[in-house]
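Here is the naming used below: chain letters follow the sequence lines, and residue numbers restart at 1 for every chain. If you're wondering where the values come from, they're calculated on a predicted model, not measured in any experiment.
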2 protein chains.
Amino acid sequence: MKGFGDYLRKVREQRRAEDATFSVRQLAARVGVEPSYLSKVERGQQPPPSEKTIAALARELDLDPDVLLAMAGKVSGDLQAIIRNRPKLFADLIRQLKDMPDHAVLRLVREVRDGEW
Amino acid sequence: MKGFGDYLRKVREQRRAEDATFSVRQLAARVGVEPSYLSKVERGQQPPPSEKTIAALARELDLDPDVLLAMAGKVSGDLQAIIRNRPKLFADLIRQLKDMPDHAVLRLVREVRDGEW
DNA sequence: AGTAGTGTGTAGTATATGGTACACGCATGA
DNA sequence: TCATGCGTGTACCATATACTACACACTACT
């Protein structure tokens, strides 16, 4: 499970190839943490940061926050809030979708979005 | 937001009316915590316990664990794991269902369960 | 009078979380 | 050579989480 830090470093280096402001120091400054902290996170010497910091990283690096949070072993607070509002409903639904293939779930997403039901 | 403790106490007292083993002390023992701790939780002097302890309480009191967890401001780890496995998919779906009425979501649950799609 | 069981008050604790502060050595360019 | 920026090592820290341990006062029964 060395995913989060390695991925972060990889993406940052990619951005940096085009834009020198994606150094550890400058990115850390924009994100609002100490450079040494970000460095350690990237090398897996520290566990992934808080949701807030991860969201800021996703913004700066133009990544999907939910995906980045997932790599950090977290689920965003707003999703959790939605589930907590109607726990039985959402718990049942999610557990039933657990083993469904991606395309099936995706179809559901689209059906709901397009109001075809 | 005094929900969790009050609800816990209410339900425990209900059970106790029929079964004297639902005292703070005995329930605490079965659940695996100190009586004084459970007492404080019921009176809101301590924040809700861990997911593990909440699950044990739900078992003993015959409550839905997801609902009890929700009252404690939590979402069960297994649901989170399902979401983390396919974050984009589930995040999109859940956010789209956020403002849907119960019966609509419920219909979806049933459709998936019955394979009508 | 004594024993058992009840709820609760006070105090303390171990571990995790999410970082900060500062200094070091290296590279680059003026 | 000297300032600037770089990544990183070491040390420390504040707050939250999730409890335990123990004593106390009360009630009910025997």
With sequence neighbours excluded, give me every salt bridge (charged side-chain N to carboxylate O under 4.0 Å, His left out) pair touching residues 65-77 of chain A. A/Asp66-B/Arg95
In whole angstrom, what separates A/Leu38's CG from C/dG18's P? 16 Å
Which heavy atom of A/Ser23 sits nearest a heavy atom of A/Gln26, and at what distance? OG-N, 3.1 Å
I want to confirm an ordering. Mapping A/Val33 and B/Pro35 to their closest nucleotides on DNA chain C, which one lands closer to the 5' end? B/Pro35
Check whether any side-chain nitrogen or oxygen of B/Tyr37 sits under 4.0 Å from OP1 or OP2 of D/dC19, and answer yes or no. yes
Nearest to the side chain of A/Glu34 - C/dG7, C/dT20, C/dG9? C/dT20
Residue A/Arg9, side-chain heavy atoms: nucleotide from D/dG7, D/dT8, D/dA21 that is nearest: D/dT8
Please report the closest heavy-atom contact between B/Pro87 and A/Ala70, naming both atoms and the distance. CG-CB, 3.5 Å
Here the gap from B/Phe90 atom CZ to A/Leu93 atom CG, rounded to the nearest 0.5 Å, amounts to 8.0 Å
Hydrophobic clustering (ILVMFWY, side-chain heavy atoms < 4.5 Å, transitive) - are A/Val67 and A/Ile94 grouped together? no
Whether B/Lys74 contacts D/dT17 is assessed here as follows: a side-chain N or O lying under 4.0 Å from the phosphate OP1 or OP2. Is that the case? no
D/dT20 OP1/OP2 closer than 4.0 Å to side-chain N/O of B/Lys40: no
Nearest heavy-atom contact between A/Tyr37 and A/Pro47 is OH-O, 4.3 Å
For DNA chain D, what residues of residues 41-72 of chain A have any heavy atom nearer than 4.0 Å? A/Arg43, A/Gln45
Does any residue of residues 14-27 of chain B have a heavy atom under 4.0 Å from DNA chain D, and if so, which ones, in number order? none
Starting at CD1 of B/Ile83, measure out to CG of A/Leu69 and round the result to the nearest 0.5 Å. 11.5 Å
Has the side chain of B/Arg43 got a donor or acceptor atom that lies under 3.5 Å from a matching backbone atom of B/Leu38? no
